[in-house]
Amino acid sequence: MAECMLRALLEQTGCTEEMEVLSAGTYALSGAPASEGAQRAMARRGLSLAGHRSRAVSGALLESCSLIVGLSQSHIAQLRMMYPHCPTPMTAFDDPPVSDPYGGDDAAYEQAARDIQRQLPALLQRL
């Protein structure tokens with residue numbers, strides 16, 4: 001959802017050619033479609049995850065990025081444990097931390113989407 005919403009914000013601001021936005025999960029199975037809860041949360045915002053496919057995080061992927069943004073500090077801590085020599089700067093949504101909605105109900109996906117959406121403008125300024 002964060003990837004989808006950040007892409008939409010970049011399109012609104014005309015910055016789409018300046019950045020590539022990717023998402024990956026620490027426990028994701030590569031190639032799976034977005035969950036139905038995530039799809040519904042994005043649809044309520046006029047966005048689509050129809051073409052989204054999950055991707056498992058890897059050291060090579062992390063090192064190819066200029067910034068890694070986790071949903072929470074616990075996600076960042078997990079990445080640092082998995083890839084302790086990754087040189088890429090890492091940060092997290094933390095105002096408030098975004099709870100991972102995976103496996104939750106629509107309310108969990110909606111809360112996560114609201115928390116992400118609220119923090120994207122500050123992230124965009126940082127980029």
Side-chain angles (χ1 to χ4, degrees):
M1 293 189 305
E3 175 187 357
C4 183
M5 290 190 286
L6 181 55
R7 284 180 188 269
L9 184 58
L10 289 170
E11 286 179 19
Q12 290 172 3
T13 60
C15 297
T16 54
E17 293 182 20
E18 298 173 23
M19 294 177 219
E20 182 177 11
V21 180
L22 305 170
S23 65
T26 53
Y27 295 109
L29 297 174
S30 291
S35 69
E36 291 181 12
Q39 290 184 46
R40 286 189 290 269
M42 294 301 93
R44 283 190 285 276
R45 289 161 176 76
L47 303 173
S48 174
L49 287 170
H52 176 81
R53 294 294 175 263
S54 62
R55 172 193 339 240
V57 71
S58 70
L61 177 64
L62 294 179
E63 290 182 19
S64 73
C65 298
S66 57
L67 178 66
I68 297 163
V69 181
L71 289 181
S72 66
Q73 289 295 338
S74 64
H75 282 125
I76 295 300
Q78 186 174 21
L79 287 173
R80 287 191 171 125
M81 283 181 15
M82 293 169 68
Y83 304 98
H85 302 292
C86 178
T88 308
M90 297 185 193
T91 190
F93 292 121
D94 58 7
D95 187 25
V98 178
S99 295
D100 190 344
Y102 185 75
D105 60 12
D106 277 6
Y109 282 93
E110 186 59 35
Q111 182 64 52
R114 280 194 305 268
D115 290 343
I116 292 166
Q117 192 167 24
R118 184 174 34 249
Q119 296 179 71
L120 285 178
L123 175 61
L124 187 60
Q125 285 183 345
R126 197 172 163 191
L127 302 175

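A single hydrophobic cluster is not seen to contain both Val69 and Val57; linkage of ILVMFWY side chains at heavy-atom distances under 4.5 Å, directly or through other members, places them apart. Both Leu124 and Leu71 are assigned to one and the same hydrophobic cluster, defined by single-linkage of ILVMFWY side chains at heavy-atom distances under 4.5 Å. Both Leu67 and Met1 belong to a single network of hydrophobic side chains, linked directly or stepwise wherever heavy atoms of I, L, V, M, F, W or Y lie under 4.5 Å apart. The hydrophobic clustering, which links ILVMFWY residues whose side-chain heavy atoms are closer than 4.5 Å, places Ile68 and Met82 together. Following chains of ILVMFWY side-chain contacts shorter than 4.5 Å, one cannot reach Leu79 starting from Val98, and the two form parts of different hydrophobic clusters.
For the pair Leu123 and Leu6, the minimum side-chain heavy-atom distance is below 4.5 Å. Under the 4.5 Å side-chain criterion, counting only non-hydrogen atoms from C-beta, Glu63 is in contact with Cys86. Side-chain contact between Pro97 and Gln73 is absent, with no heavy-atom pair separated by less than 4.5 Å.
Minimum interatomic distance between Ala113 and Met5 (heavy atoms only, all atoms of both residues): O-CE, 3.6 Å. The two residues Val21 and Leu10 have their closest heavy-atom pair at CG2-CD1, 3.5 Å. For Cys65 against Thr88, the heavy-atom pair with the smallest separation is O-CG2, 3.2 Å. Pairing each heavy atom of Gly37 with each of Asp106, the nearest pair is CA-OD1, 3.6 Å. Heavy-atom minimum distance, Gln119 versus Asp95: OE1-N, 3.0 Å. Across His75 and Gly70, no two heavy atoms sit closer than the pair CB-CA, 4.4 Å.
In this structure, Arg45 pairs ionically with Glu110, as a charged nitrogen and a carboxylate oxygen lie closer than 4.0 Å. A salt bridge between Glu36 and Arg40 is present, with a side-chain N of the basic residue lying under 4.0 Å from a carboxylate O of the acidic one.
Between the side chains of Tyr102 and Ser35, no donor-acceptor pair is found at a separation under 3.5 Å. A donor atom on one side chain and an acceptor atom on the other are found under 3.5 Å apart for Asp115 and Gln111. Between the side chains of Tyr83 and Gln78, not a single donor N or O lies within less than 3.5 Å of an accepting N or O.
A distance of 11.0 Å separates OH of Tyr109 from CD1 of Ile116, quoted to the nearest 0.5 Å. With rounding to the nearest 0.5 Å, the separation of CD in Gln39 from OG in Ser48 is 7.0 Å. The CD atom of Gln117 sits 8.0 Å away from the CG atom of Leu47 when rounded to the nearest 0.5 Å.
When atom types are taken as modelled, the side chain of Ser54 and the backbone of Ala32 share a donor-acceptor pair closer than 3.5 angstrom. Checking side-chain atoms of Asp105 against main-chain N and O of Ala107 turns up a donor-acceptor pair under 3.5 Å.
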